[in-house]
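The structure appears below as structure tokens.
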Amino acid sequence: MSTIQAIKGTRDILPGEVIRWQQVEAIAKAILERAAYREIRPPVMEFTELFARGIGEATDVVSKEMYTFPDQSKKQRSLTLRPEITAGLVRAFIQNKLFAEGSVQRLWHIGPAFRYEQPQQGRQRQFHQLDVEVIGSRNPRADVEVIAIATDILQALGLKSLRLDLNSVGQGEDRQRYREALVSYLTPYQDELDPDSRDRLTRNPLRILDSKAPRTQEIVQSAPSLLDYLGSDAQRHFDQVQQQLTALGISFQVNPRLVRGLDYYTHTAFEIQSDDLGAQATVCGGGRYDGLVAQLGGPDTPAIGFAIGLERLIILLEQLQRQPPPALDFYLVARGGKAEAQSTVLAQTLRQSGCSVELDLSGSAFGKQFKRADRSGAVACLILGEAEAESGLVQLKWLASGEQTELSQAELYAQVPDLLATIHPLRADAIS
RNA sequence: GCGAGCGUGGCCAAGUGGUUAAGGCAGUGGAUUGUGAUUCCACCAUUCGCGGGUUCGAGUCCCGUCGUUCGCCCCA
């Protein structure tokens, strides 16, 4: 087979699916703008160093999943296709000195990210995220705002039975003390841990907490809890987040074993999961990252954000089976030289006055054209044959009822506002 | 990186070693030279992802390879 195909783990989003993506984008944008978030569009490539420093050299994402390559310059700079979006946004924040514009920046971005992994359900090499960040506030209300936006978006899309898991991973010193406690608890069980976890005991012990290996899970059950090691600041912050979530009626469960895989998280960490996604259950993940901006060379600035995985979201929406019908006002049928010529003008004129019109280009028998009209999803059909073309008339046929009237083309144009007023409620009926 | 399943026309598929590869949907042309969810007819895979092997004979068995799906790892 010599035809060129899409790269493994990438795929075309075809016209039939794009409707869903647009729906997600429209709802997300509306909700974000209501909360005064502004869109930002950073590049998809960055210097490799940004991710190495920002996400952490030891993380799986940086150590084995990045698309990294030298560019064509003499210097052979090392570039990387972004494996996540936050680091690039923070870079943009620092470089453009957005911190000078005001104390808090609320930003959002939708776009692709890239990781070299084995594809499976809900996981691709090129995938898309909706990324939302609040940079410049240490207040727990910022955490709550961000979480509320995430749940609002998912709810507005009609998704139910999602779980919100919440945890606090504390600050630097808290986590250091906990880490030591965890290691000393786990070391006696060293030989019973699964190989991956044994490996992490020295490198990244916190990640052992959410291992799926059954024996490891048993051992971890009675391990010391991160929550017992939170300092008073961290504890107060976490309490306030919980209280306010409750006040907003957002239900959640505290999961002391929720640990996120990127090094930059502090304090609040959260995940929204679904049971309908197979192994990749997380639709939304996020948390606070108070140290990242400074770590990347900016002023000491706290921040919190999340990312929603759009492919995973789309999978859930498909399960809801609510496919909006194609939005088309008129299907224009024409047959015969003069009629076909006129139909182009008719279509153009109607489009310019606000109608959506699909023009049948085949010139085939009326029967065939009506069949296509039927399938197009149009509300009404306009018919232009030789007789109409000669006398400046057009037939208007309502496809649902079969009712048909004849009118002059001039009358048709004059009636456009009335027709649209009739057609759009019909379309709305079809959706609900 | 590891493990398992699957790859037959645009789509869904039957076919498990024996002459010309079912069927359905969609598409095209016609019955109906101007009226659509009905009907009828015709056309639509020199070939079963690709390469090699076993065999008198392979879509069917074996090996490799690519793709895909699900899982591990990890994450959105």
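What you see is a predicted model, and the numbers here were worked out from it, not measured in a lab. Here is the naming used below: chain letters follow the sequence lines, and residue numbers restart at 1 for every chain.
Here the C1' atom of nucleotide B/G36 and the NZ atom of A/Lys368 are 12 Å apart, to the nearest Å. The distance from atom CD of A/Gln118 to atom C1' of B/G71 is 12 Å, rounded to the nearest whole Å. If you measure from atom CZ of A/Arg372 to atom P of B/U35, you get 16 Å, rounded to the nearest angstrom. Look at NZ on A/Lys371: it is 17 Å from C1' on B/G34, rounded to the nearest Å.
If you check residues 205-213 of chain A against RNA chain B, the residues with a heavy atom closer than 4.0 Å are A/Arg207, A/Lys212, listed by number.
Position along RNA chain B of the nearest nucleotide to A/Lys8 versus A/Asp196 favours A/Lys8 as the more 5'-ward residue.
Ranking B/G36, B/A26, B/G71 by closeness to the A/Gln121 side chain, first place goes to B/G71. The A/Arg312 side chain lies nearest to B/A76 when the options are B/A76, B/U28, B/G30. The side chain of A/Lys397 approaches B/G36 more closely than any other nucleotide in the set B/G36, B/G67, B/C70. If you check B/C70, B/C75, B/U35 against the side chain of A/Gln280, the one that comes closest is B/C75. When each of B/C72, B/G29, B/U35 is scored by its nearest atom to the side-chain atoms of A/Ser364, the top-ranked nucleotide is B/G29.
Under 4.0 angstrom from either OP1 or OP2 of B/U68 there lies no side-chain N or O belonging to A/Arg125. One finds no side-chain N or O of A/Arg11 lying less than 4.0 angstrom from the OP1 or OP2 phosphate oxygen of B/U69.
Contact annotation: the side chain of A/Leu407 approaches that of A/Gln415 to within less than 4.5 Å [non-hydrogen atoms, C-beta and beyond]. Inter-residue side-chain proximity for A/Ile135 and A/Tyr289 is flagged as met; some heavy-atom pair is nearer than 4.5 Å. Between A/Phe306 and A/Ile147, the closest side-chain pair of non-hydrogen atoms is not below 4.5 Å.
For B/U35, the base has no donor-acceptor partner in the side chain of A/Gln395 [N/O atoms by modelled type, under 3.5 angstrom]. In this model, a side-chain donor or acceptor of A/Glu388 finds a partner on the base of B/G34 within 3.5 Å.
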